[in-house]
Amino acid sequence: MSLSWKKIAPLAVWLVLYVTPIPAGLVANQWHYFAVFAAVITGLILESMPVGAVGLIGLTFAGVMGYVEHDPNKSLRWMLSGFSESTVWLIVGAFVFSIGYRKSGLGRRLALLLVRGLGRNTVGLGYAVALSDLVLAPATPSNTARSGGTVYPIVSNIPKIYGSEPGPTAGRIGTYVMWTAFAATAVTSSMFLTALAPNAAALSIAKKIVNVDVGWSQWFIGFAPLGVPLILLLPLLSYAICRPEVKESPEIVAWSASELASMGALSRSEWIMAGLVVLAMFLWITGSNPDISLPGLGSNFINATMVVFVVISLMLVTGVITFSDIIAEKAAWEVFFYFTSLLTLSSGLNDIGFIKWAAAGLAAPLATFSPTIAMILLVSIFFWIHYFFSSITAHAAAMLPVVLAVGSSIPGIPMSTLTLLCIYSLGLMGVISPYATGPAPMYFSSGYIGKADFWKFGLIFGLIYFTGLLLVVMPWLLMIN
């Protein structure tokens, strides 16, 4: 096996950090663990080897060295903890949903319907994709379930209709369609209180620490001046940045109509798959929503990931898919190892206290600034430190108390505005990396968005979203509060 600079670079990053003097406030295992994490991220960015392999190697090294748990048995349990995370299985389940859409033909039919209605113009397809997520968002508390379980399986069929496949032809239209779908779910996750599970959890934390609380309508009103324009402009922004080769394709509309006609009526498998999708949406909306109570079941009667297992079992029983189909879904298992490793490694940073140390160190000098500048810097820290996290829930739990505690110690900072800016950013920050939120690994592994492009697009859209948060939402909140 030849050693390229891309394989050497992560080792160089690890070695440089390892021999660097340990910063004040940290002990050796904390700093050395961070060196491993930084090396893994470098490997992911440079694609030193398959992403699942990079994560697994880093996780194994950290476990063997006992950076998080010194006892070998406890260290092994820590290494394996991510494999039982519900979010990981929700992502794998979304890939299995895609098999059902694909094998039954329902995904192709729905994609053809979208293309027939809006496919004459590439930007029109972008709007169809973004608005699909917007319609589902208010009633689906999991963006992984919404985007991965419903939107992704449908939109992943669209590029193929235009002859755009993962790899060399991805740029024809596939990159644009897939990135628009991913970027849209980040916006809708922030637009509604009920569109992302960590939103309510973060609000609960804020209420306990600084007594800030808002209802569903207040949440929407506070974010709408940014959220609505972003959704309206997002397909155009993606078009400008992704630069799809296909601009207009009027002939594809006629072709899609003829393809729909040749497909005929819905087949048995399509009817079953459609029914299972409706069942999944119903359970996602009602089963894990604390504001909805069903007679005899109450609220929160089924977890979002459990819904996936139920539907997959029904897909197997009805013959929509086979177990061999699940085993053969390579992308699902690549994401399984990749995201599990990253989830465990990033949670380890929090477990050993590195995140709190970094946040406290960054926030400490803020007392010397004016309240407005201090608030902007606190929100900046809260947003961009998400590069260290692969879970928005973990980010909110670890960082929000720190940021709010620092903010409340600086005289003159409007705490309600600071709180809402941080909480509103939870959905938006999901766009910045291939592991920042549940749907990210699916789009990252689709093959339509190049690995380097994913990081580049994530940074560009992250900057756009963050700038909008400061220039639009902050003055709006200061005015209405």
Side-chain angles (χ1 to χ4, degrees), residues 47 50-51 91 94-95 97-99 101-103 105-133 147-187 234-253 255-256 259-260 329-332 334-335 338 431 433-434 437 439-461:
E47 301 178 61
V51 290
I91 294 168
F95 275 100
F97 271 39
S98 294
I99 302 173
Y101 275 96
R102 186 171 64 244
K103 281 201 69 179
L106 182 63
R108 176 175 169 79
R109 185 183 294 275
L110 292 174
L112 285 169
L113 286 169
L114 283 175
V115 170
R116 187 182 67 180
L118 296 162
R120 181 178 298 273
N121 185 289
T122 301
V123 174
L125 271 180
Y127 277 101
V129 169
L131 293 177
S132 297
D133 196 286
S147 185
T150 303
V151 178
Y152 174 85
I154 296 172
V155 301
S156 62
N157 285 273
I158 293 176
K160 296 179 178 66
I161 295 171
Y162 292 81
S164 181
E165 299 280 351
T169 59
R172 282 181 55 79
I173 198 170
T175 303
Y176 169 73
V177 169
M178 300 299 272
W179 182 260
T180 301
F182 175 59
T185 202
V187 176
L234 196 147
L236 295 173
L237 289 172
S238 294
Y239 188 86
I241 291 169
C242 297
R243 299 179 181 178
E245 297 169 17
V246 176
K247 313 296 182 183
E248 293 185 358
S249 188
E251 71 281 358
I252 207 78
V253 176
W255 175 85
S256 60
E259 286 294 299
L260 281 168
E329 188 67 11
K330 180 183 176 183
E334 286 181 341
V335 167
Y338 150 68
V431 81
S433 79
T437 186
M442 285 176 281
Y443 290 97
F444 181 61
S445 300
S446 69
Y448 283 104
I449 307 169
K451 305 297 191 294
D453 282 341
F454 205 107
W455 288 96
K456 180 178 71 176
F457 295 164
L459 177 60
I460 293 171
F461 274 73

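Rounding to the nearest 0.5 Å places NZ of K451 at 6.5 Å from OG of S445. Remark: T169 OG1 to K160 NZ distance equals 10.0 Å, nearest 0.5 Å. Here the CD1 atom belonging to I161 is positioned 6.0 Å from the CZ atom belonging to R108, to the nearest 0.5 angstrom. With rounding to the nearest 0.5 angstrom, the OH atom of Y176 is 8.0 Å from the OH atom of Y239. Atom OG1 of T122 and atom CD of E248 lie 7.5 Å apart (nearest 0.5 Å). Note that CD1 of I241 is 13.0 Å distant from OG1 of T175, once rounded to the nearest 0.5 Å.
Between F454 and F182, the distance from one ring center to the other falls under 6.0 angstrom.
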Candidate pair E259 and R116, rule salt bridge (Lys or Arg N to Asp or Glu O under 4.0 Å), full reasoning: CA-CA 10 Å; E259 286 294 299; R116 187 182 67 180; over 6 Å; no
Step-by-step side chain to side chain contact (heavy atoms under 4.5 Å, CB included) determination, L112 to W255: CA-CA 9 Å; L112 285 169; W255 175 85; 3.9 Å; yes
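Closest approach of R120 to V253, counting heavy atoms only: N-CG2, 3.4 Å. Considering every non-hydrogen atom in both I99 and E329, the closest pair reads CG1-OE1, 3.6 Å. Of all heavy-atom pairs spanning M178 and Y152, the tightest one is CE-CE1, 3.2 Å. Contact record, P235 with A130: CG-CB, 4.3 Å, taken as the closest heavy-atom pair. Listed here is the closest heavy atom pair of D133 and S147: OD2-CB, 4.0 Å.
Under a 3.5 Å cut-off, the side chain of S164 and the backbone N or O of P159 do not form any donor-acceptor pair.
Put simply, the side chain of L125 reaches to within 4.5 Å of the side chain of I158, judged on heavy atoms. The side-chain heavy atoms of T180 and V155, taken from C-beta on, include no pair separated by under 4.5 Å.
Atom NZ of K456 sits in a sparse spot, with 12 or fewer heavy atoms from other residues, nucleotides or ligands closer than 6.0 Å.
A ring-ring contact (aromatic ring centres under 6.0 Å, His included) with W179 is found for exactly one of Y448, F461, F444, namely F461.
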